[in-house]
Amino acid sequence: MQQLPILGITMGDICGIGPEIAVKAMMKPETYQICRPIIVGDSRVVERGVKAVSAVDPKAKELKVHSVTKVSDALFQCGTLDVYEVPLNCEDVMAVPYGKVTALGGEAAFTCVRKVIELAMANEIDGTITGPLNKEAMNLAGYHYSGHTEIYAEFTGTKDYAMMLADEKLRVVHVSTHVSLREACDRVKKDRVYKCIHIARDACEAIGIENPRVAVAGLNPHAGENGMFGREEIEEISPAIAQAAADGINVDGPIPPDTVFSKARGGMYDVVVVMYHDQGHIPLKVTGFVYDENLKRWNSVQGVNITLGLPIIRVSVDHGTAFGKAGNGTASADSLENAIDYGARMAVARLKKMEAQK
């Protein structure tokens, strides 16, 4: 147990499903077989999460919440939820509304992210797993970021970073994310595409894939059709691919966006470099999010979001706060469990690499 990586898990927006899915993930013995998890948040919020989960799973009533102010004081025992205390400026946590955009929810989410980054940068934990936050709530609290990725970039001093989404065999790395589609097209530049190819290759190696096969999606329909539908492939994307191939990377493209994801999902490629937010998010969520119309519920909410290029490990759920489901204990913890699994694999690989360099 002492050799397993320590993962800090943020509770996300307290008005959403973050606290209860953290409780669900940490109820499972399988979680403790791959890592030593500790929630970063307010123990009162975690207790509220336990209460919500207990309504649908009586076994949750047996859970104990263990508040600590030092990671070294955590017990890391299944059945006990270790919580690194980041207290809220709120006297009555139970009175905080579920399913609402609030400044308190945004404050809680941001404060916990800052703390988990601080712990990782100080090497007190081996990786960070983030619960869902709400951008509007965070902005109400006075923190003007478009998401987790930008927070991590600022507080780790990282300039070259990228987002990778993953669901089983399908993985995508983004050239741009939270910008308008018009601006995203302007950001398709050789240097950025080249950097993302390297980041994608490194990310695959970090989870144990040897000599990963990197596909690069085109920006335009049919990857531009030799300039008929746009010249970005000719002037920016293809030169970046050629430069990366000269570096020894196993890279292919530009590949038409309407076929590249099927090829990757089938096993032809290990990762796809995509040009903008929705080009990567849509195929991942089509495969990972499965809704059952007859039962009126989500049967599966899988997939993870990984920030690449950071000096620390950051993996997140690939869904939002789900305000409409918060507080009733029925939210799926699939994506968080996936994130913990990815985070543990990356942390083990990093620790082995550090040990080999000694």
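The only option from D42, V40, V83 that meets the side-chain contact (heavy atoms from CB on, under 4.5 Å) definition with M11 turns out to be D42.
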**OP:** Determine, stepwise, if the pair E85 / S67 fulfils side-chain hydrogen bond (donor to acceptor under 3.5 Å, both in side chains).
**Re:** CA-CA 6 Å; E85 201 69 44; S67 174; 2.4 Å; yes

Subject >> Criterion side-chain hydrogen bond (donor to acceptor under 3.5 Å, both in side chains) on R187 and S176, from CA distance to verdict >> reply: CA-CA 7 Å; R187 291 194 181 196; S176 69; 5.8 Å; no

**OP:** Quick one: do E107 and T111 satisfy side-chain hydrogen bond (donor to acceptor under 3.5 Å, both in side chains)? Show the steps, please.
**Re:** CA-CA 6 Å; E107 175 76 29; T111 303; 3.2 Å; yes

Subject >> Intermediate values then yes/no, side-chain hydrogen bond (donor to acceptor under 3.5 Å, both in side chains), T287 and D167 >> reply: CA-CA 8 Å; T287 62; D167 177 43; 3.1 Å; yes

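Take D82 and apply the side-chain hydrogen bond (donor to acceptor under 3.5 Å, both in side chains) test, not counting sequence neighbours, and it matches H66. In this structure L181 satisfies the side-chain contact (heavy atoms from CB on, under 4.5 Å) test together with Y276, sequence neighbours excluded. Taking the salt bridge (charged side-chain N to carboxylate O under 4.0 Å, His left out) definition, one finds that R231 meets it with E235, sequence neighbours left out. Not counting sequence neighbours, the partners of K28 by the salt bridge (charged side-chain N to carboxylate O under 4.0 Å, His left out) test are E337.
For the pair R350 and I313, the minimum side-chain heavy-atom distance is below 4.5 Å.
Sorted by first and then second residue, the pairs that involve residues 250-261 and meet side chain to side chain donor-acceptor pair (under 3.5 Å), not counting sequence neighbours, are D252-Y269. Listed by first then second residue, pairs satisfying ring pair (Phe, Tyr, Trp, His ring centres under 6.0 Å) with a partner in residues 110-133 read F110-Y143, F110-Y145, not counting sequence neighbours.
Other members of the cluster containing V101 are L140, F323, with ILVMFWY side chains joined at under 4.5 Å, either directly or via other members. When hydrophobic residues (I, L, V, M, F, W, Y) are linked wherever their side-chain heavy atoms come within less than 4.5 Å, M94 remains an isolated member. Side-chain contacts under 4.5 Å among hydrophobic residues (ILVMFWY), followed directly or transitively, place M228 together with F229. I234 belongs to no multi-residue hydrophobic cluster, having no ILVMFWY side-chain contact under 4.5 Å with any other such residue.
In the hydrophobic clustering of ILVMFWY residues, with side-chain heavy atoms under 4.5 Å counting as a link, F76 and V348 come out apart.
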Using atom types as modelled, flag every donor-acceptor pair under 3.5 Å from a side chain in residues 52-63 to any protein atom, sequence neighbours excluded.
unit_1, atom_1, unit_2, atom_2, d
S54, OG, V50, O, 2.7
S54, OG, K61, N, 3.4
D57, OD1, K59, N, 3.1

For residues 195-203, tabulate all N or O donor-acceptor pairs below 3.5 Å that involve a side-chain atom, not counting sequence neighbours.
unit_1, atom_1, unit_2, atom_2, d
K195, NZ, D160, OD1, 3.4
H198, ND1, R201, NH2, 3.4
H198, NE2, Y194, OH, 3.3
H198, NE2, D247, OD2, 2.8

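Contact record, R44 with L88: NH2-O, 3.5 Å, taken as the closest heavy-atom pair.
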